[in-house]
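Note sheet for the following structure.
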Number of protein chains: 2
Amino acid sequence: MSASLNERKEHILGAVVVNYIKTAEPVGSRTVARFYPGGLSSATIRNEMADLEDMGYLVQPHTSAGRIPTQKGYRYYVDHLMDMNILSQDVEETISSSISAGKMREIEQIIINSTRVLSSATNQTSLIMGPQFKKSAFHQLRILPLDEKRGLVVLITDTGFIKNKVIDLHHQLSHSELQQVVSYLNHKLYGLTIDQVTTSLINELKRDLFKRLEILEQAFILLEESLKEERQIRVFLGGTTNILNQPEFKDVDKIRRMLKLFEQEPLLFKILEDNSSEDSIVVRIGSENEFEDIKECTLITGTYRIHDKTIGTLGVLGPTRMDYSRVISVMQRLVNHLNQSLSSS
Amino acid sequence: MSASLNERKEHILGAVVVNYIKTAEPVGSRTVARFYPGGLSSATIRNEMADLEDMGYLVQPHTSAGRIPTQKGYRYYVDHLMDMNILSQDVEETISSSISAGKMREIEQIIINSTRVLSSATNQTSLIMGPQFKKSAFHQLRILPLDEKRGLVVLITDTGFIKNKVIDLHHQLSHSELQQVVSYLNHKLYGLTIDQVTTSLINELKRDLFKRLEILEQAFILLEESLKEERQIRVFLGGTTNILNQPEFKDVDKIRRMLKLFEQEPLLFKILEDNSSEDSIVVRIGSENEFEDIKECTLITGTYRIHDKTIGTLGVLGPTRMDYSRVISVMQRLVNHLNQSLSSS
DNA sequence: CTTTAGCACTCTAAGTTAAAGAGTGCTAAG
DNA sequence: CTTAGCACTCTTTAACTTAGAGTGCTAAAG
């Protein structure tokens, strides 16, 4: 795509990016000169920086200021220059202790802990899409009669989800009738992912069963309803206040827009879902993002699995001036731990 | 407590409060004079206002500015002067349509809707404490064997809660054994509130049952665990960005402190719990609040019930300059609707 | 005794100007 | 190709000025 830069330009670009990430101030030629290993004068650096600006890797906020990286500059840095941060001991420990901490059987709790770790270790806002119910496979369906008018449907997936819902049973069902239906359904649905349980399949089953029993309408409505309803997934947020620490969000109006975004769970869900790629970690810088509201931000996402099945996505959202190497390292570690600890239960 | 004011002072105080709530600017004597029905000159008003300042109802931000109400001023206004806002038709409709909207069986959904309505109708941040599990009464306990090693415990309360939890069954239990235990437990626990199911009671039951069956240790551990765990209650937030609209939060630092507070669910819970009073609506202005973090805010809380049993609290949190009459009206209506719609299901 | 007009006074908010500082681009010399 | 030197640009900060709002006080009027 873009021609590769010579070594000196790479060094200079890297120096600008690193410094700008650290200080949030435009980086001048003197600063780079001090930073640059093979002692070059600031004038030389200036020439190179002017070149880099022409090529679109850097910009000046105004004539007499240092340079800041453009989106293209960050991209080049991420693709070619960044060296993977070696995380300090304590971060490593925080991650492993807070995730794999023994007997957390509840997935939700693990997820919430992950948002904490992720946001505090990166100093950014983290968002995690809870396990995607619909990608889990159907395992078991039970119906518990509660009283003469109501029943409790319990749906269990191979990934350990348990969903339940109270339903009205207008016609009273006998135990044996219920048993029959339930075991038939279990037989037919076993192993399918929830995604695959489409309305048409349900209709088919419904026809099938109606031949035998005519009272099960309610039971089906509940199944349909519970499936439909559970398609909505929660997005967990962590460290929303962290954006207030970033100088790029000193403007109250920007803060408002960002927080408004955070309040819209369905939108966050779409953003995460669109960015979940099968393998490893995805970095979207600025306008590489498809969603208007975050075109000035960088979103770094990773996916986690249970038994090699991708079931959720986690992300870090912040300004394009973000400590890429750190965030990516943390994300990498966290995903690994999550995968391990989720699959071992 | 504080001596009552004469009618003219009341009028003037009321005018200052109302105007300040509306404009967020210190209110001068001219403004009050225009506002005051029996035409008085600004000089007279000035004298009265000076008196009110001496008495502690008003203050001046600086020598040559208008007055703003003190906490004492707001208190007097709320207690004696405020006339109950007549809500506009559409607010009324929003409330009733979004709450009682037919077939919302899920309590959680009703609660979430309530936060929406409450924050948008008041233009403040709303917080709602989800139904308090521990105040509900035990209704039914079920144990569903999932496979040879695991079981699903389902706990149902009179208020319609359903909690479940997967447990490990190290010793395999036969159906009949399980049945025995479950029915014994149901018998013993029926009607008790979750609050009343203390560890000591559990221990007693445990001793009781051990005489008959010795394999139930696991079952008890699960009961204990599930009870313990469910004591934590969710607090739902709505309209957190609304505080950004208030001019008193134009300072990024204040915003940060506020948002930090919103992130601490346990603290919010404590705040709400401490303010939940059996009947109707409580207004806490400024330092009347016990919690340090909201001593500069006003918190208005109300409680909602299921079948005359108080199970949750909702609140509106904002600056002391708050449209008290509107917020209280909205809260009143909302609580009524909530009570109706929760008790009718 | 209460009310009001008048006026000097105070304080803030907003705008203007000036000075300092950082960093650049260009030129010319090494 | 590199670098020292320098004029130039632009921002940031502080100091100063001005306009305006509102007060408190005094003295006169009701």
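Letters A, B, ... are given to chains in the order of the sequence lines, protein chains preceding strands, and every chain is numbered from 1.
If you measure from atom NE2 of B:H62 to atom P of D:dG20, you get 16 Å, rounded to the nearest angstrom. One can place CG of A:L58 at 15 Å from P of C:dG23, the figure rounded to the nearest angstrom. When the P atom of C:dG21 is taken as reference, atom CZ of A:R30 falls 14 Å away, rounded to whole Å. To the nearest angstrom, P of C:dT3 lies 10 Å from NZ of B:K9. At whole-Å resolution of the value, CG in B:N47 and C1' in D:dG24 are 9 Å apart. Note: CD1 (B:I68) to P (C:dT12) measures 14 Å, nearest angstrom. Distance A:M49 CE to C:dG23 C1': 9 Å, rounded to the nearest Å. Note: CD (A:Q60) to P (D:dT11) measures 11 Å, nearest angstrom.
Within 6.0 Å of the CD atom in A:E290, the count of heavy atoms belonging to other residues, nucleotides or ligands does not exceed 12.
One can find a donor-acceptor pair under 3.5 Å joining the base of D:dT9 and the side-chain atoms of A:S64.
A perpendicular orientation is assigned to the rings of B:Y57 and B:Y76, their planes being inclined by more than 60° (bins at 30° and 60°). Between A:Y77 and A:Y324, the two ring planes are perpendicular [angle over 60°; tilted spans 30° to 60°].
If you find the closest nucleotide of DNA chain C to B:R46 and to A:A43, the one lying nearer the 5' end belongs to B:R46. Nearer the 5' end of DNA chain C, as judged by each residue's closest nucleotide, is the contact made by B:R8, out of B:R8 and A:R67.
Nucleic acid contact class of A:S29 (heavy atoms, under 4.0 Å, all strands): sugar-phosphate only.
Between C:dC11 and B:T63, a contact under 4.0 Å exists linking OP1 or OP2 to a side-chain N or O. Residue B:T44 has a polar side-chain atom (N or O) positioned under 4.0 Å from OP1 or OP2 of C:dT4.
A salt bridge links B:E53 with B:R67; the closest basic N to acidic carboxylate O contact falls under 4.0 Å. Salt bridge status for B:R333 with B:E92: present, with a side-chain N to carboxylate O gap under 4.0 Å.
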